[in-house]
Amino acid sequence: MCRLKKQLATLKKECYANEMKKERILVIRLSALGDIVMAMDAMASIRAHHPKAEIGLLTMPAFAPFAHQMPWFDRVMIDPRPNFTQIIKWIKLGKELRAFAPTMVYDLQCKPRQSILFHLLGRPAWCGTAKGCLYPRPLLDQRKIHVKDGYRLLLGVAGVPVKSADLDWFDDPLDGFDLPARYTLLIAGCSPQHPHKRWPIENYAALAQALAEKGIASIAIGTKAESAAIDELCCLVPSIINLTDKTSLKQIAALARRAHFVIGNDTGPIHIAAAVGAKTLALFSDRGTPAWSHPSGPDAQWLQGHPLAKLEVSEVLKVVTCK
């Protein structure tokens, strides 16, 4: 019996030692949807660089369901985004992350508030912009490079090569939709907090009418919060198929893959379309920085209006019909 107890004690010690040696990686990318999509190459590359590690993603509540569908993470943790005065929430978040005990942190958010987490975790091996971290991000000029190049430079400091992610998983059946043989996907909505990012609904209507004359149908997608704008669009052009609040993110990817073209404002779904290889045209206001944040994909383009409302329908139609 004593011998058995000693063997069990030894086994427990070995298990504990192995658990302590286990590589745990924390990736931070809180928001927004488009930014998360553009970080997917970096996320996939971190997984490829740490194939046996337990990898967790720290993100915001709204994006947790999407994160759970990604093939690169073993767990998803929630950052409720406490402000600097909400001490109890910071302590709770720090406690959860310390329980995970990451051996390495890749901060793809790269915002000053992450320095708090850096210190709450006891200054672990950290790749990002936290002052005093082991792998600091090089200085970037967002007017001259794209965010994905920024990720390559950031992860390169930590020795992680960034390659294109396999997005075959990012798809869903469209059996429930009666789709036309040839259609353009219109993403006419945008966050209510950023009205300057919206190309006028009348312009989308004129574009849809012009496409219809060429035998190309139009499908409009958006969230429930964008339904008023898209309802207005469909009133102006009743032939538009309205799929507002009827599509998952994977179905948006599937619709984009099958579309003749995807045209939309600077919002999350336009980044999804570009990422999965759809012919994509993003419309930017003069308050945006498209050099840094334009949708990235093998067949993605962008136009900028000064302001956005002055971007002519003919300019957009020219890009679409040239393809």
Side-chain angles (χ1 to χ4, degrees), residues 31-37 59-67 69 170-180 182-212 216-276 278 280-285 287-288 293 295 303 305 307-309 311 313 316 320:
S31 66
L33 177 58
D35 297 306
I36 291 172
V37 170
T59 192
M60 289 176 62
F63 306 110
F66 181 37
Q69 297 174 9
F170 202 2
D171 201 5
D172 244 358
L174 298 171
D175 300 339
F177 302 117
D178 185 15
L179 302 177
R182 197 170 184 226
Y183 64 87
T184 291
L185 197 61
L186 302 180
I187 305 172
C190 197
S191 170
Q193 291 81 20
H194 303 292
H196 63 278
K197 289 186 174 185
R198 292 176 180 256
W199 198 42
I201 288 297
E202 304 81 44
N203 290 6
Y204 276 107
L207 176 65
Q209 289 171 335
L211 291 170
I216 304 172
S218 292
I219 296 176
I221 60 169
T223 65
K224 191 173 183 178
E226 298 159 341
S227 59
I230 298 174
D231 285 346
E232 181 185 350
L233 173 60
C234 294
C235 283
L236 293 171
V237 187
S239 63
I240 292 176
I241 300 170
N242 189 349
L243 297 184
T244 305
D245 201 32
K246 296 179 181 178
T247 55
S248 67
L249 294 182
K250 283 188 173 184
Q251 285 175 324
I252 290 173
L255 284 167
R257 282 187 170 101
R258 293 156 179 79
H260 167 70
F261 224 103
V262 182
I263 305 164
N265 302 326
D266 176 23
T267 188
I270 201 76
H271 291 275
I272 291 174
V276 299
T280 306
L281 178 62
L283 309 178
F284 279 82
S285 79
R287 291 168 62 179
S293 61
L303 291 173
L308 183 53
L311 181 63
V313 174
V316 175
V320 176

Which heavy atom of D172 sits nearest a heavy atom of S248, and at what distance? OD2-OG, 3.6 Å

Return each pair, listed once, that meets salt bridge (charged side-chain N to carboxylate O under 4.0 Å, His left out) where at least one residue sits in residues 246-265; pairs must be two or more places apart or across chains. D171-R257, D171-R258

Heavy-atom distance under 4.5 Å between the side chains of Y204 and S218, does that happen here? no

With a 4.5 Å heavy-atom cut-off, do N203 and L283 have their side chains touching? no

So, taking the atom named OG1 in T59 and the one named CD1 in I36, what distance separates them when rounded to the nearest 0.5 Å? 4.0 Å

Which heavy atom of I270 sits nearest to which heavy atom of G264, and what is that distance? CD1-N, 3.4 Å

Identified side-chain contact (heavy atoms from CB on, under 4.5 Å) counterpart of H271 within the set V276, T280, D266: D266

Begin from the C-alpha positions of E202 and V313 and carry the test side chain to side chain contact (heavy atoms under 4.5 Å, CB included) through to its verdict. CA-CA 10 Å; E202 304 81 44; V313 174; over 6 Å; no

CA sep, side-chain torsions, deciding dist, call: I272, V262, side chain to side chain contact (heavy atoms under 4.5 Å, CB included): CA-CA 10 Å; I272 291 174; V262 182; over 6 Å; no

Interatomic distance, CG@L303 vs CG@L281, rounded to 0.5 Å, equals 5.0 Å

CG-CG distance between L174 and L243, expressed to the nearest 0.5 angstrom: 9.5 Å

Do the non-hydrogen side-chain atoms of P180 and I219 ever get within less than 4.5 Å of each other? yes

Rounded to the nearest 0.5 Å, what separation is found between the OG1 atom of T247 and the CD1 atom of I221? 5.0 Å

Using atom types as modelled and distance alone, determine if a side-chain donor or acceptor of N265 lies under 3.5 Å from a backbone N or O of A188. yes

I'd like to check V316 versus F261 (side-chain heavy atoms, cut-off strictly below 4.5 Å). Are they in contact? no

Counting N and O atoms only, with roles assigned by atom type, does the side chain of R198 sit under 3.5 Å from a partner on the main chain of C190, one being a donor and the other an acceptor? yes

Which atom of G189 lies closest to which atom of T267, heavy atoms considered: O-CG2, 4.0 Å

Just one of L33, L249, D35 clears the side-chain contact (heavy atoms from CB on, under 4.5 Å) bar with F63, so which one? L33

By ring-ring contact (aromatic ring centres under 6.0 Å, His included), which residues pair with F66, not counting sequence neighbours? F170

With a 4.5 Å limit on heavy-atom distance, are the side chains of L207 and L186 in contact? yes

I'd like a table of donor-acceptor pairs (distance under 3.5 Å, sequence neighbours excluded) in which one partner is a side-chain atom from residues 232-242, with atom names and distances.
{"residue": "N242", "atom": "OD1", "partner": "T244", "partner atom": "N", "Å": "2.9"}
{"residue": "N242", "atom": "OD1", "partner": "T244", "partner atom": "OG1", "Å": "2.5"}
{"residue": "N242", "atom": "ND2", "partner": "D231", "partner atom": "OD1", "Å": "3.3"}

What distance do T184 atom OG1 and I263 atom CD1 have between them, rounded to the nearest 0.5 Å? 5.0 Å

